[in-house]
Amino acid sequence: MTDRRPSQALVAASILDCDLARLGDEIRRAEDAGVDRIHVDIMDGHFVPNLTFGWKTVEAIRRVTTLPFDAHLMITDPLRWGPMFVEAGCESVSLHVEVEERQVRPALELIRAAGRAAGLSLRPGTPLDALTPYRDLLDIILVMTVEPGFGGQSFMTDVANTKLAAARAWLDPAGACEVQVDGGGRAATAEVIGRGGTDVIVSGSALYRAEDMVAEVAAIKAIANAARAAGEG
Ligand code: DX5
Ligand code: ZN
């Protein structure tokens, strides 16, 4: 496992709730506002009750920015589709550990074999130890702090408090794995998120509904990094 931990907490813009009629402009706007990644939510209408982008869309927006793309697959068949999102230009692909067990290890192996970062995401109700069988294959742990499927939901503070620090301490004592938080990421939740030692904070509606996206990105980073530094003692 390569050491993926950034020295400072990063912000990834989820484009799920941006103005999809101007997708390219919205990605550039997030880049100009100082985000570090673009978080691409792929939903199939089965694993979650929503339907979003296909790999052709990801291939098209790949031309818009050089920022890394983190694909978040909320789909029942990541073994089939994961490689397509690698091909489309995603630097990392995270699938859900709750999919059919026979898919998980092969899908992670395919992503890594392609030289990309492989991640597992957990619904709020799924315990961290569901990831134990795959610990050797994890570059990213994507902790959901909302039920997957939609942006703009309320942040689950209890999930963050129980899972974030544990993810670091238990799953990855060597500290090489990247821990991401996804769902309700904003300045108001950045302190709890940073305290858990989170590396990447996904933010969708807070950024795209902000009066001032630059200020929101800067606030999330400042607050999360102050909490992270305090937590590291
Ligand atoms: C939800 C997605 C999240 C979501 C984040 O299923 O995985 O990435 O778009 O959006 P906010 O920040 O609005 O919760
Ligand atoms: Zn997501």
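Each ligand, and each atom within it, is numbered from 1 in the order the structure gives.
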* To do: Give the residue, atom name and distance (to 0.1 Å) of the protein heavy atom nearest atom 1 (C) of ligand 1.
  => Phe150 O, 3.5 Å

* Structure fact -> Note: ligand 1 atoms sitting under 4.0 Å from heavy atoms of Ser203 are 12 (O)

* Asked: Under 3.5 Å between some N or O of ligand 1 and some N or O of Gly149?
  -> yes

* Asked: Can you tell me if Gln180 and Asp199 form a side-chain donor-acceptor pair at under 3.5 Å?
  -> no

* Structure fact -> Note: OD2(Asp182)-the Zn ion (ligand 2)-NE2(His39) angle, rounded to 10 degrees, equals 100°

* Asked: Taking both backbone and side-chain atoms of Asp182, is any N or O found less than 3.5 Å from an N or O belonging to ligand 1?
  -> yes

* Before signing off on this row, confirm whether Ser205 and ligand 1 have an N or O atom pair separated by under 3.5 Å. => yes

* **Residue pair Arg29, Asp32: steps toward the salt bridge (charged side-chain N to carboxylate O under 4.0 Å, His left out) verdict** => CA-CA 5 Å; Arg29 187 157 74 95; Asp32 294 347; over 6 Å; no

* **Distance-only side-chain donor-acceptor flag, His72 / Asp70, under 3.5 Å** => no

* Asked: Counting from 1, what ligand 1 atoms have a heavy atom of Met43 closer than 4.0 Å?
  -> 6 (O)

* Structure fact -> closest protein heavy atom to atom 12 (O) of ligand 1 is Gly204 N, 2.8 Å

* Asked: What are the atoms of ligand 1, with element, lying closer than 4.0 Å to any heavy atom of Gly151?
  -> 10 (O), 13 (O)

* **Within 6.0 angstrom of Glu87 CD, more than 12 heavy atoms from elsewhere** => no

* Looking at His72, pick out the N, O or S atom nearest to the Zn ion (ligand 2) and give its name. => ND1

* Structure fact -> For Leu16, the atoms of ligand 1 under 4.0 Å from one of its heavy atoms are 9 (O)

* **Within 45° cone and under 6.0 Å: Arg186 NZ/CZ vs Phe155 ring** => no

* Using side chain to side chain contact (heavy atoms under 4.5 Å, CB included) as the criterion, point out the one residue from Leu120, Leu131, Leu137 that pairs with Val104. => Leu120

* Going by distance only, is there an N or O of Asp17 that falls short of 3.5 Å from an N or O of ligand 1? -> no

* Asked: Going by heavy atoms in the side chains, are Asp182 and Val143 under 4.5 Å from each other?
  -> no

* Is the shortest distance from a Lys or Arg side-chain nitrogen in Arg112 or Asp136 to a carboxylate oxygen in the other one below 4.0 Å? -> no

* Asked: Under 3.5 Å, N or O to N or O, is Gln153 touching ligand 1 that way?
  -> no

* Asked: Under the salt bridge (charged side-chain N to carboxylate O under 4.0 Å, His left out) criterion, do Arg62 and Glu59 qualify, and how do the steps go?
  -> CA-CA 5 Å; Arg62 180 67 280 175; Glu59 201 177 53; over 6 Å; no

* Which is closest to atom 9 (O) of ligand 1 by heavy-atom distance: Ser14, Gly183, Ala206, Ala12? -> Ser14

* When you measure from the Zn ion (ligand 2) to each N, O or S atom of Asp41, which atom gives the shortest distance? -> OD1

* side chain to side chain contact (heavy atoms under 4.5 Å, CB included) partner of Glu216, the single match among Ile220, Asp212, Val214 -> Ile220

* Which one of Ser94, Gly152, Ser154 has a non-hydrogen atom at the shortest distance from atom 11 (P) of ligand 1? -> Gly152

* Non-hydrogen atom of Gly184 closer than 4.0 Å to ligand 1 -> yes

* For residues Ser205 and Asp17, is any side-chain donor paired with an opposing acceptor at under 3.5 Å? -> no

* Asked: For ligand 1, does Arg186 get within less than 4.0 Å through its side chain, its backbone, both, or neither, judged by non-hydrogen atoms?
  -> neither

* To do: Kindly confirm or rule out an N or O of Pro148 lying under 3.5 angstrom from an N or O of ligand 1.
  => no

* What atoms in ligand 1 come closer than 4.0 Å to a heavy atom of His39? -> 8 (O)

* To do: Verify whether one side chain among Asp44 and Thr76 offers a donor that lies under 3.5 Å from an acceptor in the other.
  => yes

* Asked: Does any N/O atom on Met74 come nearer than 3.5 Å to any N/O atom on ligand 1?
  -> no

* To do: Run the numbers for me: atoms of ligand 1, each under 4.0 Å from some heavy atom of His72, listed by number.
  => 7 (O)

* With the threshold set at 4.0 Å, does a side-chain nitrogen-carboxylate oxygen contact exist between Glu178 and Arg37? -> yes

